Amino acid sequence: MRILIADDEPAILMSLDFLMRKEGHQVYVARDGEEAIQLIEKELPEVIILDIMMPKIDGYGVCQQAKALSPNYLPKIVFISAKIADSDIERGYQAGADLYVPKPFSNRDLLKKVNELNLQSKN
């Protein structure tokens with residue numbers, strides 16, 4: 001599975017990148033929203049893991065642009081964020097998220113949820 005991880009926090013990028021690659025996934029990393037959009041357009045990842053608070057373009061904007069890219073492109077979007085108010089979570093789902101995971105989170109739990117999302121999309 002092709003996975004894009006977009007977060008401006010290096011520790012999160014490195015640990016998720018390592019874990020997803022170990023699981024056999026093809027991983028792309030972006031450090032800001034602009035870089036994320038460029039990678040989405042080029043690589044068309046099946047799953048996009050997005051932080052909301054990123055430089056240049058926030059996660060909401062990246063999500064909306066990814067969902068609008070093509071009617072045939074239907075990526076699964078997972079928000080990871082320290083923004084945990086009900087209104088933030090609701091906004092994430094309204095933007096098109098398939099899953100919203102509050103920070104801090106367990107990397108293994110996130111991996112499990114990503115794999116479940118991928119299985120759902122194949123059924």
Side-chain angles (χ1 to χ4, degrees):
M1 176 171 44
R2 291 183 314 280
I3 299 174
L4 169 67
I5 305 164
D7 198 312
D8 59 340
E9 216 171 293
I12 289 175
L13 278 179
M14 286 190 313
S15 61
L16 288 178
D17 180 26
F18 174 79
L19 193 61
M20 299 291 176
R21 286 181 193 277
K22 188 176 165 191
E23 191 75 9
H25 301 303
Q26 190 173 353
V27 181
Y28 306 94
V29 295
R31 288 155 194 82
D32 62 55
E34 202 171 83
E35 188 179 6
I37 290 168
Q38 291 170 354
L39 282 166
I40 291 165
E41 290 173 347
K42 182 180 177 199
E43 304 298 341
L44 300 174
E46 287 111 339
V47 175
I48 302 170
I49 300 172
L50 285 174
D51 184 19
I52 290 175
M53 297 180 288
M54 289 189 295
K56 300 184 182 176
I57 301 170
D58 68 14
Y60 299 125
V62 173
C63 179
Q64 290 166 335
Q65 288 190 44
K67 294 281 186 174
L69 198 57
S70 161
N72 298 327
Y73 177 56
L74 304 169
K76 295 293 183 182
I77 306 282
V78 178
F79 277 124
I80 53 172
S81 181
K83 297 179 78 133
I84 57 171
D86 288 345
S87 59
D88 295 317
I89 295 170
E90 185 177 321
R91 184 174 175 203
Y93 283 114
Q94 287 174 347
D98 295 283
L99 186 61
Y100 195 107
V101 179
K103 289 180 179 178
F105 55 85
S106 155
N107 287 347
R108 295 232 174 259
D109 286 347
L110 180 64
L111 176 63
K112 182 179 175 192
K113 290 175 181 177
V114 165
N115 286 334
E116 287 170 1
L117 271 180
N118 188 47
L119 287 175
Q120 290 171 6
S121 69
K122 292 186 179 190
N123 291 335

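Being a predicted model, the structure only gives us computed values, none of them experimental. Excluded from the calculations below are hydrogen atoms, water molecules and symmetry mates; all remaining heavy atoms, backbone and side chain alike, are included.
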**Item:** Minimum heavy-atom distance between D32 and P55, given as atom pair plus value
**Value:** CB-O, 3.4 Å

**Fill in**
Test side-chain contact (heavy atoms from CB on, under 4.5 Å), reference H25, set L19, N115, V47, output is N115

**Request:** Examine Y93 and L50 and state if one hydrophobic cluster contains both, with Ile, Leu, Val, Met, Phe, Trp and Tyr joined whenever side-chain heavy atoms are less than 4.5 Å apart.
**Result:** yes

**Asked** CG of D98 to CD1 of I77: how many Å apart, nearest 0.5 Å?
**Response** 7.0 Å

**Fill in**
Rounding to 0.5 Å, atoms CG (L39) and CG (L4) come to a distance of 6.0 Å

**Message:** Just so I know, are the side chains of L16 and F105 near enough to count as touching, which here means a heavy-atom distance under 4.5 Å?
**Reply:** yes

**Message:** Once rounded to the nearest 0.5 Å, what's the spacing between atom CD1 of I5 and atom CD1 of I49?
**Reply:** 5.0 Å

**Asked** Of I3, V27, I12, which is the lone residue that meets side-chain contact (heavy atoms from CB on, under 4.5 Å) with D17?
**Response** V27

Less than 3.5 Å apart, which donor and acceptor atoms pair up between the side chains of residues 66-75 and the rest of the protein, not counting sequence neighbours?
residue, atom, partner, partner atom, Å
K67, NZ, P75, O, 3.3
K67, NZ, G96, O, 3.2
S70, OG, N72, N, 3.2
Y73, OH, P45, O, 2.6

**Fill in**
Only residue of M20, E43, K42, E35 satisfying side-chain contact (heavy atoms from CB on, under 4.5 Å) with Y28 is E43

**Prompt:** Of the non-hydrogen atoms in A97 and F79, which two are nearest, and what is the gap between them?
**Reply:** CB-CD1, 3.3 Å

**Asked** Taking D58 for the side chain and I52 for the main chain, is one N or O donor matched with an acceptor at less than 3.5 Å?
**Response** no

**Message:** Taking the basic N atoms (NZ, or NE/NH1/NH2) and the acidic carboxylate oxygens, is any pair closer than 4.0 Å for K103 and D7?
**Reply:** yes

**Request:** List in chain and number order the residues that pass side chain to side chain donor-acceptor pair (under 3.5 Å) with Y60, two or more places apart in sequence or in another chain; answer none if no residue qualifies.
**Result:** none

**Complete:** Value for CE (M54) from CD (E9), rounded to nearest 0.5 Å, stands at 12.5 Å

**Item:** Spatial distance of atom CG (L110) from atom CD1 (I80) [nearest 0.5 Å]
**Value:** 6.5 Å

**Prompt:** Which distance, rounded to the nearest 0.5 Å, do you find between the CZ of R31 and the NZ of K56?
**Reply:** 11.5 Å

**Request:** Decide yes or no on side-chain contact (heavy atoms from CB on, under 4.5 Å) for R108 and K112, but give the supporting numbers first.
**Result:** CA-CA 6 Å; R108 295 232 174 259; K112 182 179 175 192; over 6 Å; no

